[in-house]
Amino acid sequence: MDSQPLTETHDEIVRVLRDDGTPDPAVDPGLSTEELRKLYSAMVRTRVIDERLVTLQRQGRIGFHIGSLGEEAAILGSAFALRERDWGFPCYREFGAALLRGLPLQRFIDNMFGNANDLVKGRQMPDHYTCRQARWGSISSPIGTQMSQAVGFAWAARLRKDDAVALVYFGDGSTSSNEFHVAMNFAGVFRTPTVFFCRNNGWAISVPVERQTASRTFAGKGIAYGVPGVRVDGNDVLAVIAVTRRAVERAARGEGATLIEALTYRVGGHSTSDDPNRYRDKKEVDPWLERDPIERFRRHLGRLGVWSESDEDTLRAEADRQVREAIAVAEKTAPPQLETLFEDVFADPPWHLVEQRAELLRGPRAPSAH
Amino acid sequence: MDSQPLTETHDEIVRVLRDDGTPDPAVDPGLSTEELRKLYSAMVRTRVIDERLVTLQRQGRIGFHIGSLGEEAAILGSAFALRERDWGFPCYREFGAALLRGLPLQRFIDNMFGNANDLVKGRQMPDHYTCRQARWGSISSPIGTQMSQAVGFAWAARLRKDDAVALVYFGDGSTSSNEFHVAMNFAGVFRTPTVFFCRNNGWAISVPVERQTASRTFAGKGIAYGVPGVRVDGNDVLAVIAVTRRAVERAARGEGATLIEALTYRVGGHSTSDDPNRYRDKKEVDPWLERDPIERFRRHLGRLGVWSESDEDTLRAEADRQVREAIAVAEKTAPPQLETLFEDVFADPPWHLVEQRAELLRGPRAPSAH
Amino acid sequence: MPQMNMVQAINDALRVAMKKDDRIVVLGEDVGKVGGVFRVTAGLYDEFGDDRVIDTPLSEGGIVGAAIGMALYGMVPVPEIQFADFIWPAYDQIVSELAKYRYRSGGEYPCKMVIRTPVGGGIRGGHYHSQHPEAHFIHVAGLKVVCPSNPYDAKGMLLAALADPDPVLYFEPKRIYRAAKGDVPEGEYTVPLESASVAREGRDVTVIAYGAMLYEALDAAERAAQEGVDCEVIDLRTLWPVDIRAIEASVEKTGRLVVVHEAPRTCGFGAELVSLVVERVFFHLQAPPRRVTGFDTPFPYTLEMEYLPLSHRILPALLETARA
Amino acid sequence: MPQMNMVQAINDALRVAMKKDDRIVVLGEDVGKVGGVFRVTAGLYDEFGDDRVIDTPLSEGGIVGAAIGMALYGMVPVPEIQFADFIWPAYDQIVSELAKYRYRSGGEYPCKMVIRTPVGGGIRGGHYHSQHPEAHFIHVAGLKVVCPSNPYDAKGMLLAALADPDPVLYFEPKRIYRAAKGDVPEGEYTVPLESASVAREGRDVTVIAYGAMLYEALDAAERAAQEGVDCEVIDLRTLWPVDIRAIEASVEKTGRLVVVHEAPRTCGFGAELVSLVVERVFFHLQAPPRRVTGFDTPFPYTLEMEYLPLSHRILPALLETARA
Ligand SMILES: Cc1ncc(C[n+]2csc(CCOP(=O)(O)OP(=O)(O)O)c2C)c(N)n1
Ligand SMILES: Cc1ncc(C[n+]2csc(CCOP(=O)(O)OP(=O)(O)O)c2C)c(N)n1
Ligand SMILES: [Mg+2]
Ligand SMILES: [Mg+2]
């Protein structure tokens, strides 16, 4: 690692967990047993929730879910590397990171149902939660828009002499958006304390990375902006932590932004609306199943002797119970009140929204079925 | 040059005219005497026109001009390197190239006056001419928009088995636009026969290149797109030709796009509306006056013995006369007819434009003074 | 005649046109191998190959910008924007370039293309998969905007748009992509742009609607009929340039107007329709015109059926207008 | 009280606000050292430094996107878009993000800022330095849009906008940047948003105008008075949310309405104003409302004075409306 200063871009892929299963001590972030167990638990919990939500969608009980299957190391590791004072600007695939940062599970599940307790008042699709208290951004669907916002946020922090860093998530496909360009450019010019975390999961819905860019790597795109790039094995949670920590520290020291390319793979469909068999060969997926980030990390913990079979059983049972309980509660919670439709458009509703609210309340109700 | 294949990006700046005045035979494009004289004449004519138009604007006879003072080598050299079948997608600063490609001088001057003979029917500001017959694009003011269009155009040519190449002009500031990013990315992925010609003239109105990007070079931005970049001395017209020719040939061979960074300097204000003394030190300009591309080329021609003092006098007198004549004609030409306001919005005017035209024709005329 | 839904009809139109005119290329995100996230371009990649059905990088600006370049060359691009909500990165190219190209070049550079994009709510899409942004395009001089409501029109209007010399925004009401079914002739035929159709004749109130809301207007009209109010429902089909004669004729007959659209009310297309009517047939009007529209809020998720101007909200407007 | 033009008044408002509230930062292209291409931010760079008056790279999307991030943090950014014609690269951030942030986050992330941008024609700017795009923003729920017509309002409304909790588009009518002059108080004062002003009282016809066209409307009103038609001219000042009471009160009195704006007519803000009036005070109306606007073409260069809805085009509309 020391041979790779974060001021240039390298092609090598940073790894901690070597093929023989042993960790590379030069890169290992050196987590305590407690931290290792916490991190692993968060990854498993994320997977358990993901599986449950896909089932719910199949049963027609929620409308949509966009999951993180296979990407848990990239998502959880990066969030784990943040300090409490730092901020995350998510894309749509990082609910696991939000939960780790403090989004209450019940609130997340409320968002999946868009009920009255949903923090965004049932206004957005599932997985478009918000949680300011967790220093976590608000999610929107348009690709890339969070990037320049993360730059502006981090820039503001620096201007206010606050050493908070903003980490922003996005996918390989998102690097083609206008937003990647302008955000990286502003971050380079103004040396904002921003960490660009690119989940290179191989696909943007049905479009493979070769169709996304002719650049040799995603990390290499940093060169165009004077922002150093680094590639990391995105299925090696310890490597992700190590690399992200260095980027966060560098940013906090006032040395500017870093672009991290985490190489991972979208094992599932793009979302519950997508059937990947339409456009990719199952054979392509198989090797990635073997590189499963959770299995890999568990083997490591097993070797270290800090995780047992019974730990695993307890964790899974507990995670499953928690999510089922949250679902039961959320499903019973009423939808948001009609009035909420007109709140928060502005700080105070102007005359036209007051009139429209009255019009809606006075009128007949919509047929309830979709 | 051979040591610099157009498949990678290099930091060195390609030059033909060495400091001692001799040409570097390894790079010299080897123009004939006739070509050298034609090229030189075009550069001088461009400067003469520029000077005249600035005067006209100061006299209030035209509303605006955006000139090319000091950038003639970059602009004329690149256009000179195109084959007849190739197309140019201009920014707003390349009227000299358009004239070289076949835009009639009278039509250009008509555009400066927005009169009835202006090919764009007086609808756009000065310097926003169009000339399809010269295989030259239509000019708009928004920065960058021509870039993805040049990519699409070149792509279409390739799909239609036409080996035409599209060369697109833009400034250093324009590399920050959304358009640079998406155009370069599409050009890389689809290997379109596009030559990206960046006039790095040091400034985007009052913003210097250091405020535009933290990238070490503009050519280096190609790395982010798998598009090779090359830097050329933009005040060395022979070097510009050599580099552009190679890029055009490469594109025509189906090997894809090239990004050329021509290092030059905007010696004048951004346009007649701008006073550069407000934001930059005159001292910065002086060294560039010494590197004047026209002087430099003339010294070379002098040394070659293909250009004399009397050639110079004849050329300047002739150029001056031509532009004065064109101005006299244009100034006497009537403004466009009222009806033209409603033409070309659609191929055929729909009912609402027919009605609005009638309304305008029926109503009183506007007070003529501005 | 085969029965088709909207998705199939649009797909069929593309296939018919592409077979006949090899200048036509389809490009966009996920339009190729997978055939579009709504499967509208399904099968075209296999039939016409990667050079004519092109999966692009994730950039609406690049898609439309490149399409403009293709059009300048003389091809007929059919860019798809995956959801209309994602068209804004291309808005500069559409507003500043596409709409103005012919004009600003004095006619030298026409720029013909058809931009297809799904619009509208009622599919549990929330803020960003539900919007109906026609007003943003109708206000821009130089663009034509269409929105068919049934498979027959969808195919015929797409073929007409592909033959039209001007840039056309072709809005596909996604809520009825599969729900609207009907007979669709094989092969080529066109439904002329700029012609509305009378979906239901009536004497008392003129109702203007389009896209998915047409069915809500028709449903409300049926229910109004049960209360003795006889509505004429006009399916605009082409939003701009609108078929002004059809509207005038109907309002001259009924003297009453209700406009329905999904987009937010303020500065929506309904405002233009109301204004045109009051300016042109003022003295025929017997009651204030009404707009039944989406509210002036972002498009919601859970309460989307309360947001949309469905039949239950149209009906009272019809009755009140008839009785005003 | 000092006399100021619009440029000076806006500059003064920025200076007053920035001195008091160090959360305010100005950012944009050429706003720093050179003080803006119209010199609206002149002197601020020297006074407040590079951290608060920031020259940015050439990217409207980056300017607004970064400003949103700053606002989320708790700063009050004042991005400048050099010409409103160049706002489209930022449109996705404005429509999808800025306008919806408070709503989509359930109120957790308000996003307060003032986007300043010069608008309008009559300065020999052609297609791309003349447009008046208010309708594109009024249609988007969640944005406030203002357009002052004189130095007093310009300063007072900018200070009000900076104090407002919501995102505000602040349109500066550049044709009157220097031509409109008047007394402007020193220091702090506000002109409340959402309040129109009656620029001329009258009985016969209500004329609604704003920005540079206000003076054309006033001129036409004077000329109409000479022909015995007494017009009431309303300067909207805030375009949205509009001061509906002021409009209603005036039209209830006059029974006649003419709306003036520079933007193209179709789906312009005039359509909304006409619709609001006919919906709300229909039975007071004695003549069809009229719109005097830019034509539905791109903004021209040589013929711009024929394109603009100047006094000579407003006058006949006033007379005809009064006599209809
Ligand atoms: C501007 C915009 N265009 C299109 C879409 C539709 N869309 C949603 S996700 C997606 C692919 C994103 O791929 P990537 O950035 O690699 O992220 P991943 O889903 O792989 O995590 C697309 C095209 C969108 N949301 N926004
Ligand atoms: C989208 C957009 N934003 C802002 C402007 C205003 N503007 C015109 S030219 C210019 C600077 C361009 O600099 P550069 O690309 O370096 O070209 P140069 O003028 O130096 O040739 C700016 C900011 C514009 N025309 N378009
Ligand atoms: Mg991806
Ligand atoms: Mg420049």
Side-chain angles (χ1 to χ4, degrees), chain B residues 63-64 113-116 118 120-126 128 140-144 171-179 204-208 211-213 270 273-276 278-280 335-338 340-345 350 352-353 356-357 359-360 363-370, chain D residues 28-39 42 45 50 54-62 82-83 85-90 92 122-130 175 264-266 292-308 310-313 315-317:
Chain B
F64 173 86
F113 285 89
N115 66 28
D118 174 14
V120 307
K121 307 190 186 175
R123 291 172 183 153
Q124 288 218 68
M125 286 176 73
H128 289 62
S140 72
S141 316
I143 284 293
D172 42 282
S174 313
T175 62
S176 298
S177 71
N178 297 338
E179 290 292 326
I205 310 187
S206 75
V207 179
R211 210 10 105 83
Q212 206 59 249
T213 183
H270 171 72
S273 314
D274 180 47
D275 173 7
R278 283 223 172 89
Y279 51 83
R280 79 181 177 194
Q337 297 277 311
L338 278 182
T340 62
L341 264 179
F342 303 92
E343 292 166 5
D344 303 321
V345 181
H352 66 295
L353 290 177
Q356 291 178 16
R357 180 175 59 198
E359 182 189 317
L360 178 68
R365 291 284 64 75
S368 60
H370 256 275
Chain D
E29 295 154 15
D30 307 293
V31 297
K33 270 204 190 133
V34 77
V37 297
F38 289 103
R39 317 218 23 78
Y45 178 90
D50 194 36
I54 306 168
D55 275 326
T56 66
L58 206 169
S59 165
E60 289 75 15
Q82 199 163 88
F83 285 83
D85 313 70
F86 303 142
I87 204 166
W88 312 124
D92 191 28
I123 55 124
R124 295 176 153 268
H127 287 14
Y128 301 107
H129 297 80
S130 306
R175 187 175 178 225
R265 179 171 315 167
T266 299
V292 187
T293 67
F295 297 113
D296 286 313
T297 75
F299 197 100
Y301 177 69
T302 305
L303 298 174
E304 65 173 339
M305 291 305 177
E306 300 287 354
Y307 178 92
L308 285 169
L310 302 184
S311 167
H312 69 283
R313 279 179 56 212
L315 178 64

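Chain letters run A, B, ... following the sequence lines, proteins first, then strands; residues in each count from 1.
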Measure I205(B) against the heavy atoms of chain D and call it side chain, backbone, both or neither at under 4.5 Å.
-> both
Please report the shortest heavy-atom distance between H128(B) and S141(B), naming the atom on each side.
-> NE2-OG, 2.8 Å
Examine whether an atom of R39(D) lies under 4.5 Å from a heavy atom of chain B, and if so say whether it belongs to the side chain, the backbone or both; otherwise answer neither.
-> side chain
Write down the atom of Q212(B), the atom of P57(D), and the distance for their closest heavy-atom approach.
-> OE1-CA, 3.2 Å
Please lay out, stage by stage, how L341(B) and Q356(B) fare under the test side chain to side chain contact (heavy atoms under 4.5 Å, CB included).
-> CA-CA 10 Å; L341(B) 264 179; Q356(B) 291 178 16; over 6 Å; no
Let me know which of F299(D), F38(D), F86(D), Y301(D) forms a ring-ring contact (aromatic ring centres under 6.0 Å, His included) with H129(D).
-> F86(D)
Heavy-atom proximity to chain D below 4.5 Å, by part of R357(B) = neither
Which region of S140(B), side chain (C-beta onward) or backbone (N, CA, C, O), has a non-hydrogen atom less than 4.5 Å from a non-hydrogen atom of chain D, or is it both or neither?
-> both
Could you tell me which residues satisfy side-chain contact (heavy atoms from CB on, under 4.5 Å) with S174(B), sequence neighbours excluded, listed by chain and number?
-> I143(B), M147(B), F170(B)
Do you know which of S206(B), G114(B), A204(B), S177(B) has the most heavy-atom pairs with chain D at a distance under 4.5 angstrom?
-> S206(B)
Proximity breakdown for D92(D) and chain B, heavy-atom pairs closer than 4.5 Å = neither
Heaviest contributor of heavy-atom pairs below 4.5 Å to chain D, chosen from L360(B), N178(B), D344(B), is L360(B)
Got a donor-acceptor contact below 3.5 angstrom from the N115(B) side chain to the P335(B) backbone?
-> no
Give, as side chain, backbone, both or neither, the part of D85(D) having an atom under 4.5 angstrom from any heavy atom of chain B.
-> neither
Contact class of P89(D) relative to chain B, heavy atoms under 4.5 angstrom = both
Given the options H352(B), K121(B), Q124(B), which has more heavy-atom pairs under 4.5 Å with chain D than any of the others?
-> Q124(B)
Ranked by heavy-atom pairs below 4.5 Å to chain D, first place among V120(B), T213(B), L338(B) goes to L338(B)
Within 45 degrees of the axis of the six-membered ring of Y45(D) and under 6.0 Å from its centre: does R278(B) put its NZ or CZ there?
-> no
Salt bridge (charged side-chain N to carboxylate O under 4.0 Å, His left out) evaluation trace for R265(D) with E359(B) | CA-CA 13 Å; R265(D) 179 171 315 167; E359(B) 182 189 317; 3.3 Å; yes
Side chain, backbone, both or neither: which part of S130(D) has an atom under 4.5 Å from a heavy atom of chain B?
-> neither
Residue from G173(B), G63(B), P142(B), G363(B) scoring the most non-hydrogen pairs under 4.5 Å with chain D is P142(B)
Mark yes or no for whether E29(D), through its side chain, and S59(D), through its backbone, hold a donor-acceptor pair below 3.5 Å.
-> yes
Okay, E343(B) and chain D: the region with an atom under 4.5 Å from a heavy atom over there is neither
Can you see which heavy atom on E306(D) is nearest to which on F295(D), and at what distance?
-> O-CE1, 3.4 Å
Taking every heavy-atom pair that is under 4.5 Å apart, which of D30(D), T266(D), T297(D) has the most such pairs with chain B?
-> D30(D)
